[in-house]
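Below, each value reflects all heavy atoms present in this structure, side chains not excepted, and no hydrogens, waters or symmetry copies.
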Amino acid sequence: AAVEGGKVVNEDEYAEQLSLLDEAGRMAARMAPTAPAGAPNLVESVAKVRALVDAKADASAVTGDIEPIRASTIAAFRLADSPSRAPDLARGQALWNEHCITCHGATGKGDTPRAATLTPRPTNFHDPEVGATMTPYRVANTVRFGVNGTAMVPFTFLSNEDRWDLAFLVVSLRHAEVGAADAGAPTYALGELAVRSDAQIAADLESAGVPPQAREAIVADLRRHAAYEDRAAARPLGLARARLDRARVAISRGERDAARGLIIDAYLEGVEPAELQLRAADPSWRGSSSSAS
């Protein structure tokens, strides 16, 4: 929301991006001497992104450079990018009411009297350009580290569980209530919901052939219900089917490595947890682990 067509359209947002990159550069310099094997060169990576922002590149170009850096950094430093348990909706709501509502408002629109006194204004989570690209992982990190140059201070006194509870609540705010049984949502693992944005999930649904009029209700169901119910644990074969559907789409795009990973996940996360139930239903079924021996 800072740049369009090579021109700055939101000075406050653009200044915030530069401030974040300044901080990222300082952090990268401190981390470089002790970076583990496999970590990207963070100093060079930040400098590359900074050059794009300085040149007022399109958001898609900046995001395209950031995503592989983010993924490889998470892997190399073994960072937790999903919660260790299903989030607690009641706890997330209580934390929102206690710490966030004064600036962000009851529904997350950032339209409170306190918000009007702040520069830059608190984020409006209903803004499509903001809400569609948010992930719980990103929100949890923002809660943990704050945002330099804004009223968003680090909430260091919250536990990891608290931050995740709050993060999943935040990404649900822009969605209207929808009946879970009516939405027909596919199965997503909690780890997927933590790192995928609404826009990414909608793209998955489009690739799977879900009609446009159904996608909004499905995404709303995934944000307002699915994460709290841990449906993947309750319906592991549904998760396996979902993984295989995504593998099929990846193959159609020529993304063979992605498809291979999804197929492996389909077995490890979907079929293997259900093997005991499958054997109980059909004692002649041996499963791949037995067959391999």
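Judged purely by atom type and a 3.5 angstrom limit, Arg50 has no side-chain atom pairing as donor or acceptor with the backbone of Ser45. Side-chain N or O atoms of Arg163 include one that pairs as donor or acceptor with a backbone N or O of Leu158 at under 3.5 Å. Side chain of Thr112 to main chain of Thr102: a donor-acceptor pair is present (N/O by atom type, distance under 3.5 Å, no hydrogens or angles).
Atom CZ of residue Arg70 and atom OG1 of residue Thr63 lie 11.0 Å apart, to the nearest 0.5 angstrom. Distance OG1/Thr135 to CD/Glu192: 13.5 Å, rounded to 0.5 Å. In this structure, CG in Asp22 is found 13.0 Å from CE in Met27, a value given to the nearest 0.5 Å. Atom-to-atom distance recorded for Glu229:CD and Leu222:CG is 10.0 Å, nearest 0.5 angstrom. Between Asp165 atom CG and Asp88 atom CG the span is 5.0 Å, to the nearest 0.5 Å. In this structure, CD1 in Ile218 is found 9.0 Å from OH in Tyr188, a value given to the nearest 0.5 Å.
A 4.5 Å side-chain heavy-atom check between Thr150 and Glu16 finds at least one atom pair inside the cut-off. Two residues are said to be in side-chain contact when any heavy atoms from C-beta on lie closer than 4.5 Å; Asp111 and His104 fail this criterion. Two residues are said to be in side-chain contact when any heavy atoms from C-beta on lie closer than 4.5 Å; Arg85 and Trp164 fail this criterion. With contacts defined as side-chain heavy-atom distances shorter than 4.5 Å, the pair Val210/Asp204 does not qualify. Side-chain contact between Glu161 and Pro87 is absent, with no heavy atoms from C-beta onward closer than 4.5 Å. For the pair Val130 and Asn124, the minimum side-chain heavy-atom distance is 4.5 Å or more. Contact of the Pro136 side chain with the Leu193 side chain is not registered, since no non-hydrogen atoms from C-beta on lie closer than 4.5 Å. In this structure the side chain of Ser82 never reaches within 4.5 angstrom of the side chain of Tyr137, judged on heavy atoms.
The two residues Gln200 and Ser197 make their nearest non-hydrogen contact at OE1-N, 2.8 Å. Of all heavy-atom pairs spanning Ala115 and Gly110, the tightest one is CB-O, 3.5 Å. Taking every heavy atom of both residues into account, Ala240 and Ala266 meet most closely at CB-O, 3.5 Å. Nearest approach of Ser72 to Pro40, heavy atoms of both residues: OG-CG, 3.4 Å. Closest heavy-atom contact between Lys56 and Val3: O-CG1, 3.4 Å. Heavy atoms only, all atoms of each residue included: Asp162 and Arg91 are closest at OD1-NE, 3.0 Å.
Note: the hydrophobic cluster containing Ile263 does not contain Tyr267 (ILVMFWY, side chain heavy atoms under 4.5 Å, direct or indirect links). One hydrophobic cluster holds both Val195 and Leu169 under the rule that ILVMFWY side chains link at heavy-atom gaps under 4.5 Å. Linking Ile, Leu, Val, Met, Phe, Trp and Tyr residues whenever their side-chain heavy atoms come within less than 4.5 Å leaves Leu20 and Leu118 in two separate clusters. Hydrophobic cluster membership differs between Leu18 and Val9, with clusters built from Ile, Leu, Val, Met, Phe, Trp and Tyr side chains linked at under 4.5 angstrom. Transitive grouping of hydrophobic side chains (ILVMFWY, heavy atoms separated by less than 4.5 Å) brings Phe155 and Val170 into a common cluster.
When the shell of 6.0 Å around CD of Glu216 is examined, it contains 12 or fewer heavy atoms from other residues, nucleotides or ligands. Within a 6.0 Å sphere centred on CZ of Arg196, heavy atoms belonging to other residues, nucleotides or ligands number more than 12. For Glu13, the CD atom counts as densely surrounded, since its 6.0 Å shell holds more than 12 non-hydrogen atoms of other residues, nucleotides or ligands. Counted within 6.0 Å of CZ on Arg26, heavy atoms from surrounding residues, nucleotides or ligands total more than 12; the atom is thus considered enclosed.
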The test is side chain to side chain donor-acceptor pair (under 3.5 Å); show your working for Asn141 and Arg138 and say whether it passes. CA-CA 5 Å; Asn141 279 336; Arg138 179 179 173 187; over 6 Å; no

List the steps, then state whether side chain to side chain contact (heavy atoms under 4.5 Å, CB included) holds for Glu177 with His225. CA-CA 9 Å; Glu177 183 57 78; His225 298 285; 2.7 Å; yes

Worked verdict on Arg256 versus Ile251 for side chain to side chain contact (heavy atoms under 4.5 Å, CB included): CA-CA 6 Å; Arg256 298 181 64 85; Ile251 289 172; 5.5 Å; no

Kindly determine whether Arg223 and Ile201 satisfy side chain to side chain contact (heavy atoms under 4.5 Å, CB included), including the steps that lead there. CA-CA 10 Å; Arg223 291 308 188 196; Ile201 293 173; 3.8 Å; yes

Begin from the C-alpha positions of Asp198 and His175 and carry the test side chain to side chain donor-acceptor pair (under 3.5 Å) through to its verdict. CA-CA 10 Å; Asp198 290 358; His175 295 289; 2.7 Å; yes

Step by step, would you call Met134 with Val139 a side chain to side chain contact (heavy atoms under 4.5 Å, CB included)? CA-CA 7 Å; Met134 279 196 313; Val139 175; 4.1 Å; yes

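Relative orientation of the Phe157 and His99 rings is tilted, given thresholds of 30° and 60° on the angle between their planes.
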